[in-house]
Amino acid sequence: MLDYRLMLPTDELKNLYFTRSIRDGDLVIVYERHDIMKAVKVCEGSTLQNRFGVFKHSDWIGKPFGSKALSNKGGFVYLLAPTPELWTLVLSHRTQILYIADISFVIMFLEIVPGCLVLESGTGSGSLTTSLARAVAPTGHVYTFDFHEQRASSAREDFEKTGLTSLVTVGVRDIQGQGFPEEFVGLADSVFLDLPQPWLAIPSAERMLKQDGVLCSFSPCIEQVQRSAETLRSKFTDIRTFEVLLRTYEVKEGRTESNEVDGGGSVALPPCKRRLRSKESDDMDNESSTTVMVRPCSEARGHTGYLTFARLGCLS
C-alpha cells in the first residue's frame with residue numbers, strides 16, 4: 001500500500017515544493033503574461049528591466065512564490081515557482097522537447113508514483129526528466145542518459161538550478177549501442193525511451209525492468225513505432241500506441257448586446273469593435289452587458305509524436 005506521507009514536503013525538498021519565501025540565489029519564473037515568461041536567478045543588488053520598468057531583486061526577497069512585484073514605473077510581474085509545468089515552457093531547447101499533454105500521459109501510463117526507480121534515454125533538454133523527478137519524490141530516483149556529453153552537462157546544470165540533484169542522476173552513455181548499465185538489472189519500475197532507433201534499446205530495457213514493469217517509447221514517425229512494436233512482441237504484452245492532441249481555448253471578457261425579438265425574448269449579438277455614438281447607441285449601451293467569451297486559440301500544436309507503451313510479461 002502506498003504511504004501517502006511520502007508525498008508530503010520535507011526540508012530536503014523545499015526547492016521542489018516551494019512552500020517558503022523567495023531567497024537570494026533562488027530561481028524564479030518571472031511571468032509577464034501567459035506567453036511571455038523567463039527564468040531568473042535572484043541576486044540581491046541585481047535588477048530586471050523589461051517593458052514594464054525596472055524591478056529590484058532585493059524587493060523580491062522575502063516574498064512568497066506567487067507574489068506580484070512592482071517596478072519603478074508602477075508596472076508589475078508575478079514571481080512564480082519553477083514548477084515542472086512552467087520550467088517546460090521556459091527551458092533552453094537543446095533538442096525537441098515533450099510538452100505538458102504528452103508528459104502527463106507518460107507519467108500516468110508508466111504508473112509512476114513516489115518511490116519508483118525510473119530509467120530514461122535520452123535526456124535532451126530535460127523537460128520530461130523534471131516532471132519524472134517530481135513524480136518519484138521524495139524517495140524515488142530518475143537515472144537519465146544522453147550520448148551527447150555537452151547536452152548531459154547542460155541538463156545537469158539545469159537540475160542543479162531547479163533543486164533536483166537529489167532525485168536525478170545524469171549519465172553519458174549510448175543506450176542504443178551499449179544498453180543500460182548492468183547495475184540496474186531487474187530494478188527499474190519504468191523505462192522511457194526517446195531514441196531514433198528505440199528497437200535497439202528494447203532488449204536492454206527488458207532486462208532492467210521488474211516483472212510487470214512498463215516501458216514507453218516516444219517516436220515522431222509511425223515507421224519507428226511499427227518496428228519497435230515488432231521487437232516488443234517477443235517479451236512484452238499490452239502493447240498500445242497513442243497520439244495526444246491538445247486543443248486550447250481562450251477565455252476573455254467581451255461585451256454583448258441584447259435585441260428584443262418576437263415573443264418578448266432576446267438574442268445576443270456579437271461584440272462590435274467600433275460604433276458611431278448617438279442617442280440610440282447610448283440607449284443600446286444600457287441593454288449591453290459584459291460576459292465571458294470562449295473560443296479556440298488561433299495557434300495550436302499539432303502532431304508531436306507517438307507514445308508506445310508495453311508491459312513486461314510475467315514469468316510463466
Side-chain angles (χ1 to χ4, degrees), residues 4-93 97-104 107-108 112 114 125-138 142 157-168 246 248-253 292 294 297 301:
Y4 286 94
R5 291 175 297 176
L6 297 178
M7 302 176 70
L8 298 176
T10 65
D11 289 341
E12 293 179 356
L13 296 173
K14 58 192 175 184
N15 287 335
L16 187 63
Y17 291 94
F18 311 110
T19 57
R20 56 171 178 77
S21 298
I22 297 171
R23 300 173 183 169
D24 186 25
D26 279 346
L27 185 73
V28 301
I29 306 297
V30 177
Y31 178 100
E32 295 184 28
R33 65 184 195 191
H34 76 279
D35 57 347
I36 300 181
M37 290 177 277
K38 66 181 300 184
V40 176
K41 183 177 181 180
V42 178
C43 298
E44 189 167 7
S46 296
T47 60
L48 169 70
Q49 186 170 354
N50 61 18
R51 58 188 176 138
F52 299 119
V54 178
F55 297 84
K56 295 181 179 179
H57 289 202
S58 58
D59 294 338
W60 302 353
I61 297 173
K63 291 180 178 291
F65 284 104
S67 296
K68 179 189 289 187
L70 300 177
S71 72
N72 62 329
K73 295 181 178 179
F76 66 89
V77 295
Y78 290 99
L79 307 176
L80 306 182
T83 61
E85 293 82 2
L86 293 179
W87 184 247
T88 290
L89 299 177
V90 302
L91 57 75
S92 299
H93 288 204
I97 70 169
L98 268 69
Y99 288 96
I100 294 171
D102 286 326
I103 290 172
S104 56
I107 290 175
M108 176 66 72
I112 298 174
S125 300
S127 175
L128 174 64
T129 317
T130 303
S131 290
L132 292 176
R134 184 177 62 179
V136 304
V142 178
E157 292 174 4
D158 284 348
F159 299 142
E160 291 175 358
K161 293 177 185 177
T162 51
L164 298 177
T165 51
S166 64
L167 298 167
V168 179
L246 179 68
T248 305
Y249 281 72
E250 293 178 339
V251 181
K252 294 183 177 181
E253 284 191 354
V292 174
V294 182
C297 291
R301 286 195 183 94

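Model, not experiment: these values are computed from the prediction.
Under the 4.5 Å side-chain criterion, counting only non-hydrogen atoms from C-beta, Thr88 is not in contact with Thr130. Side-chain contact between Asn50 and Val77 is present, with heavy atoms from C-beta onward closer than 4.5 Å.
Residues Ile22 and Pro64 approach most closely at CD1-O, 4.3 Å, considering heavy atoms. When all heavy atoms of Arg33 and Asp35 are compared, the pair lying nearest together is NE-OD1, 2.5 Å. The shortest non-hydrogen separation linking Ala135 to Ile107 is CB-CG2, 4.1 Å. Listed here is the closest heavy atom pair of Lys73 and Phe52: CB-O, 3.8 Å. Scanning all heavy atoms of the two residues, the minimum distance from Leu91 to Gly126 falls at CD2-C, 4.5 Å. Closest approach of Ile61 to Glu44, counting heavy atoms only: CD1-CB, 3.8 Å.
Expressed to the nearest 0.5 Å, how far CD1 of Ile97 lies from CD1 of Ile103 amounts to 7.0 Å. Rounding to the nearest 0.5 Å places CG of Asp59 at 11.0 Å from OG1 of Thr47. Here the straight-line distance linking atom CZ of Arg134 with atom CG of Leu167 works out to 12.0 Å at 0.5 Å rounding. Distance CE/Met37 to CG/Leu86: 5.5 Å, rounded to 0.5 Å. Taking CG of Leu98 as the reference point, atom OG of Ser131 lies at 9.5 Å (rounded to 0.5 Å).
Using cut-offs of 30° and 60° on the angle between ring planes, the pair Trp60 and His57 is parallel.
None of Thr83, Leu80, Asp26, Leu79 except one satisfies the side chain to side chain contact (heavy atoms under 4.5 Å, CB included) rule with Phe65; the exception is Asp26.
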Side chain to side chain contact (heavy atoms under 4.5 Å, CB included) between Leu27 and Trp87, intermediate numbers included: CA-CA 10 Å; Leu27 185 73; Trp87 184 247; 3.6 Å; yes
Chi angles and distances behind the side chain to side chain contact (heavy atoms under 4.5 Å, CB included) call for Ile29, Tyr78: CA-CA 8 Å; Ile29 306 297; Tyr78 290 99; over 6 Å; no
Check against side chain to side chain contact (heavy atoms under 4.5 Å, CB included), Arg51 and Ile36: CA-CA 12 Å; Arg51 58 188 176 138; Ile36 300 181; 4.0 Å; yes
Audit row: Leu132, Ile112, side chain to side chain contact (heavy atoms under 4.5 Å, CB included) steps and yes/no: CA-CA 8 Å; Leu132 292 176; Ile112 298 174; 3.4 Å; yes
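Between the side chain of Tyr99 and the backbone N or O of Asp102 there is no donor-acceptor pair closer than 3.5 Å. Not a single donor-acceptor pair under 3.5 Å links the side chain of Ser125 to the backbone N or O of Ser127.
The number of heavy-atom neighbours closer than 6.0 Å to NE2 of His93, taken from other residues, nucleotides and ligands shown, is above 12. With a 6.0 Å radius and a threshold of 12 heavy atoms from other residues, nucleotides or ligands, Glu250 has its CD atom above the threshold.
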